[in-house]
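In what follows, a structure is listed as structure tokens, so that the remarks can point back to it.
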Amino acid sequence: VQLQASGGGLVQAGGSLRLSCAASRNINSIHAMGWFRQAPGKQRELVAAVIRGGLTNIADAVKGRFTISRDDAKITVDLEMRSLKPEDTAVHYCAAELYWDDYGGSGANIWGQGTQVTVSS
């Protein structure tokens, strides 16, 4: 499967953006999909994940502000971002076939291209 991310841009602090990830084929068989981000000089981090069936996992840094949703019929995974802060500035990546290791880390087997989110203060 290939993933195409869209929706990034420049927004003022307190604003909102919606990122969308379109898959090239049916995603019913994919257990976990999500969004990662990487800010300059920082490690990539998992922002939000959605499991087949709808269960979600949201990072503490964005909990209460970001919502992830998955539509298997439309084969999309969207990230709704509200109350954005300058520290949310990063390249955001859509990913599929997420996994977690025994040390609290996470990764994915399939990656889309990044989309830049810039939040000005």
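Any value given below was found using the heavy atoms of this structure, including those in side chains, with hydrogens, waters and symmetry copies removed.
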Judged by atom type as modelled, is there a donor-acceptor pair below 3.5 Å linking the side chain of H92 to the main-chain atoms of A90?
-> yes
Sub-4.5 Å side-chain heavy-atom contact between H31 and E97 | no
Test D78 against S20 for side-chain hydrogen bond (donor to acceptor under 3.5 Å, both in side chains), laying out the working first.
-> CA-CA 4 Å; D78 292 347; S20 186; 2.8 Å; yes
Greater than 12 external heavy atoms within 6.0 Å of K74's NZ | no
With no hydrogens and no angle check, is any side-chain donor or acceptor of Q113 less than 3.5 Å from a backbone partner on A5?
-> yes
Taking everything shown except Q2 itself, do over 12 heavy atoms lie less than 6.0 Å from its CD?
-> no
side-chain contact (heavy atoms from CB on, under 4.5 Å), paired with L17, selected from T115, V117, T118 = V117
Check step by step if side-chain contact (heavy atoms from CB on, under 4.5 Å) holds for R52 and I30.
-> CA-CA 7 Å; R52 188 175 54 203; I30 299 177; over 6 Å; no
Nearest atoms (heavy-atom pairs only) where A96 meets M33 | CB-CE, 3.9 Å
Give the other cluster members for V91, using side-chain heavy-atom distances under 4.5 Å between Ile, Leu, Val, Met, Phe, Trp and Tyr residues; answer none if it is isolated.
-> F36, L46, I51, L55, Y93, L98, W100, W111
Side chains of R65 and S16: closer than 4.5 Å at any heavy-atom pair?
-> no
Note, D72 side chain near N26 side chain (heavy atom, < 4.5 Å) | no
Start with the C-alpha gap between R70 and T76, add the side-chain angles, then the distance that decides, and say whether side-chain hydrogen bond (donor to acceptor under 3.5 Å, both in side chains) holds.
-> CA-CA 6 Å; R70 169 177 176 161; T76 58; over 6 Å; no
Salt-bridged, D88 to K85, with N to O below 4.0 Å?
-> no
Min side-chain heavy-atom separation V119-Q12 under 4.5 Å = no
Is the backbone N or O of G104 less than 3.5 Å from a side-chain atom of D101, with the two atoms forming a donor-acceptor pair by type?
-> yes
Any donor-acceptor N/O pair, R25 side chain to I75 backbone, under 3.5 Å = no
With rounding to the nearest 0.5 Å, note down the distance linking CZ in F66 to CG in L19.
-> 8.0 Å
Could you tell me whether the side chain of T67 reaches within less than 4.5 Å of the side chain of L79, counting heavy atoms only?
-> no
Could you walk me through whether E87 and T89 pass side-chain hydrogen bond (donor to acceptor under 3.5 Å, both in side chains), step by step?
-> CA-CA 5 Å; E87 51 263 44; T89 294; over 6 Å; no
Taking the side chain as every heavy atom from C-beta outward, state whether C21 and W35 have any pair of such atoms under 4.5 Å apart.
-> yes
If you round to the nearest 0.5 Å, how far is CE of M81 from CZ of R37?
-> 9.0 Å
Are L3 and I110 close enough that some pair of their side-chain heavy atoms sits under 4.5 Å apart?
-> yes
Under the salt bridge (Lys or Arg N to Asp or Glu O under 4.0 Å) rule, collect the residues that match up with D71, sequence neighbours excluded.
-> none
